[in-house]
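Single-structure report; data block below.
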Amino acid sequence: MSILELNDVHAYYGKIHALKGISLKVEKGEIVTLIGGNGAGKTTTLRTISALMRPTTGSVTFEDESLTRYKPSDLAARGIAMVPEGRGVFARMTVLENLEMGAFHRNDKAGIAQDVEMVYDLFPRLKERRTQLAGTMSGGEQQMLAMGRALMSRPRLLLLDEPSMGLAPVLVEAIFSTVVDINKQGTTVLLVEQNALMALDIASRGYVLQTGEIVLSDDAKALQKNEMIQKVYLGIE
Amino acid sequence: MTGMNWRHVIRTGLLMSLIVLLVSIIGMVETFDERDLVVGYLTLGQLLLFAPALFGGYRTVAREARRSPVSTLLGGLVAGLIVAVPLILLVLLASAWPGIRTYFPNISPALLDILSNGQGATTTGIGLLLLEMGLLGLIGAAIHLVPGALRRPLLTALLITSAVALFSDVPLNIANELLDRSIVRILFGTKGLTLAAAVGAFVISLLLAFWWDRSGRAALNRRQATQSPTQAARNRRIATLALLVVLLILPRILGIFLTNVLDQVGIFILMALGLNIVVGFAGLLDLGYVAFFAIGAYTTALLTSTGDLGLGMSFWVAAPISVAAATLAGIILGIPVLRLRGDYLAIVTLGFGEIIRVLVRSDLLKPVIGGAQGILNIGRPSLGSFELVTPQQFYYLILLGCILAWYIASRLRDGRIGRRWMAMREDEDVAEAVGINLTSTKLLAFSIGASFAGLAGSIFASRIGSAFPNSFELLISINVLAIVIVGGLGSLPGVVVGAFVLVGLPELLREFAEYRLLMYGILLIVMMLVRPEGLWPSAVTRREMHAAEEEAAREGIHPEEVQPIT
Ligand SMILES: Nc1ncnc2c1ncn2[C@@H]1O[C@H](COP(=O)(O)OP(=O)(O)OP(=O)(O)O)[C@@H](O)[C@H]1O
Ligand SMILES: [Mg+2]
């Protein structure tokens, strides 16, 4: 059973036809990556999944249930967590408060405390800085916090929009290896990236998006060997 | 001379001379000369002339002076003399060319008298002016030569005494209530303090400030550090109780005039507590807030008025209905603006405020709500056969409203809804991603904020006894917003402080109403430059500033070094 399925999704910004029939599947337990250049429509795809945008036609189903009727604020409770592009932390709250906000829709105090520890285990850096205001942290730390915050809702599906943006290669590696850890603990991940090289390294399958259309989809290993990918995204001549 | 920065001295002098020249030719000096600070010795107009010279002298020594006393004093003297120059030119020009009044009507003989100490454009007059300003600059600089332990208390005492003299209406009215006539006459002139009172105020505040600097503050800190949480909680309860007692007996102490001012401040506090929820807690910029105040006022007016337009109901029935009407209006305004952010929201709410104002004034609705003639004979609140009429009686109603609003606002802030507002204010997208429904969160902020304004309007109408369209101008919205910002966004004590500063103080300076907006504007600019976080910042803001300081400390930057070198 696929956990997430997009079927022939079209979406518009006014007259701009941003998504021209996207179909993709994410199976339970996978890491799937969606790669593409600037303006390809990656963020737009995530926005339609998280109900921030309605597809004009086509369907988005999560665990065999249509998402088209949901409001964005319902998704956390439904089991989908999103880390938006350019991080997304509450700048004037502390690290701990941010994490607690991530569990806003939950009421189980003990469970929340336990999950905070779980996040601290994944990102020891956050534990050191738990009383620091999020806005004063470095970009990498904020990315970690945004991911930790997303995990606090105990999602079954995690949507990540370009977590590597603006980070040093070492940090990107650390973040990506944590994504693998998160995935091993049972969370399915849809990873949007421009950094195709690293994304394909950790993903099991990948989709390539170009100007609103999926032009390629295959196993990650196969995509890495694909000539066009090598040329366009991996910079290998 | 080593260490002497003449460019800085000259620039400071010129800046101050510009200020003095400006306040002179726009007529402020002459108008303010009507008001005595210290009867027979100092008028407010003179203070306006002297303060820049004094401050200029003080500012010539930019930071920790590491130069000889002589050059320090010399710098102050020069700055003071520079301040005098444009005034001298003004005096000479005006005496040589009387026709200048056609162009600058405020350059009057009275102004020249003030500037030249009654000597006119004579050598004596000009010499006196030079001497005065030079001396003031000198004194300003000399403040730096006073040992540090005495300097701060001295400045504090100077400020306090000036404030007491400027707002002498407050001690005067209190003294009138509490003291014998003969004593009052020793302390107060008709418009200001007597010399004895001024000296007394200065000495007392100097002693207090000195004591506070030496041991008072340290003692307080020590006590706060050593007391246990239960003790602290008990002390807080006692303080709250004491405050309550003071609030209850306040009208008795203050007399009618000041209680009336207090009532106006209270109505603005009530409104600002509501707008603080919208702007401070939820981060939604609402420029049409006066609309809800108007709706509350007109609802009460229509329901309670015994005139042709009214229903003659009791205030106690009308008030909740007014609050409900304003709340409903808050929701109705809220729905169309839900999708708007920032500037767009501000503009639409601005429009909403204007629509309500135009409707209230319109001929179309005149048969229902009276148009420009307004509604008269609005009912007063009564308890049995006892009717609230005087400012003192209304004070208790307003106090009750403010306490209620404060309590509700603080409970909401600390509860789940407060978290939702805060998250939404920080980042709408992320808030939505963690499961916060923006629609209901925004509507709650709008409607609760509106309900406070509705209550304020209801009390306002009943207190005035009539409702006219021009009580609900855009300026009220701006005023309330300024209170929230000057006090400190999101801070409840800030709202109170802001209302006293922006509503209370201007009431006390009523005679200078023509300069009210000018002073208001200057105050806002100075505030935003010097203390943008507000007079009493909220806990969140304070934490943020603290973090910024720590950051700077970590980087090894000292705040002084960040400032531009002058
Ligand atoms: N709010 C908007 N209004 C109009 N057009 C938009 C809007 N947001 C995105 N677009 C357009 O839709 C297209 C897809 O944008 P999208 O943000 O999904 O790209 P992306 O793949 O996420 O790019 P990037 O890697 O730069 O983030 C682009 O052509 C973009 O200009
Ligand atoms: Mg994007």
Side-chain angles (χ1 to χ4, degrees), chain A residues 43 46-47 49-53 70-95 97-107 129 131-138 142 145-155 158-161, chain B residues 279-283 335 338-339 341 413-445 488-491 532-534 537-557:
Chain A
T43 301
L46 288 192
R47 286 172 64 84
I49 297 171
S50 51
L52 288 162
M53 259 175 96
Y70 280 92
K71 289 194 291 292
S73 54
D74 294 336
L75 292 174
R78 280 291 278 116
I80 299 179
M82 155 101 146
V83 178
E85 203 171 9
R87 280 116 227 172
V89 293
F90 300 115
R92 298 200 298 172
M93 295 191 197
T94 64
V95 168
E97 285 167 347
N98 263 279
L99 293 180
E100 284 168 351
M101 280 310 301
F104 192 73
H105 64 92
R106 291 168 55 184
N107 290 317
R129 316 221 135 199
T131 57
Q132 189 175 338
L133 293 188
T136 65
M137 297 204 303
S138 75
Q142 287 188 24
L145 179 56
M147 286 169 61
R149 190 218 72 227
L151 292 177
M152 287 300 295
S153 65
R154 288 202 178 163
L158 179 63
L159 309 173
L160 297 172
D161 196 347
Chain B
V279 183
F281 293 174
I335 291 169
L338 278 174
R339 311 208 120 261
R341 291 184 189 193
R413 177 197 58 198
D414 299 336
R416 257 180 99 70
I417 179 68
R419 291 259 122 188
R420 277 163 65 182
W421 283 330
M422 183 167 176
M424 183 174 76
R425 186 185 64 204
E426 295 295 307
D427 192 316
E428 292 199 355
D429 291 337
V430 184
E432 221 164 17
V434 302
I436 290 168
N437 183 332
L438 296 183
T439 309
S440 65
T441 309
K442 284 186 183 177
L443 283 183
L444 267 170
L489 269 178
S491 157
E533 71 275 17
S538 68
V540 176
T541 315
R542 251 178 289 146
R543 194 168 69 170
E544 194 187 2
M545 284 160 41
H546 193 67
E549 270 163 31
E550 271 180 0
E551 184 100 334
R554 239 201 324 275
E555 315 256 308
I557 302 168

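Computed over heavy atoms, backbone and side chain alike; hydrogens, waters and symmetry mates excluded. Order of the sequence lines sets the chain letters (A, B, ...), proteins ahead of strands, with each chain counted from 1.
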_With side-chain contact (heavy atoms from CB on, under 4.5 Å) as the criterion, how do A:Leu160 and A:Glu85 come out once you've worked through the C-alpha distance, each side chain's angles and the decisive distance to 0.1 Å?_
CA-CA 8 Å; A:Leu160 297 172; A:Glu85 203 171 9; over 6 Å; no

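Note: B:Arg425 CZ to B:Phe281 CZ = 8.5 Å, rounded to the nearest 0.5 Å. B:Glu544 CD to A:Arg92 CZ: the interatomic distance, rounded to the nearest 0.5 Å, is 5.0 Å.
With a 4.5 Å cut-off on non-hydrogen atoms, B:Arg416 touches chain A through its backbone and its side chain both. Contacts of A:Met152 with chain B are absent, with no heavy-atom separation under 4.5 Å from either backbone or side chain.
Heavy-atom neighbours of chain B within the stretch residues 74-82 of chain A, taken at a separation under 4.5 angstrom, comprise A:Ala76, A:Met82.
For the side-chain contact (heavy atoms from CB on, under 4.5 Å) test, residues two or more places apart in sequence or in another chain that qualify with A:Pro72 are A:Ala51, A:Leu52, B:Glu432.
Annotation: maximal heavy-atom pairing with chain B below 4.5 Å, among A:Pro84, A:Gly88, A:Gly135, occurs at A:Gly88.
Among the candidates B:Arg419, B:Glu428, B:Arg420, the single residue satisfying the side chain to side chain donor-acceptor pair (under 3.5 Å) test with B:Thr441 is B:Arg420.
B:Ile335 is listed as a side-chain neighbour of B:Leu443, based on a closest heavy-atom distance under 4.5 Å.
Checked by atom type, the side-chain pair B:Thr541/B:Glu533 shows no donor-acceptor distance below 3.5 Å.
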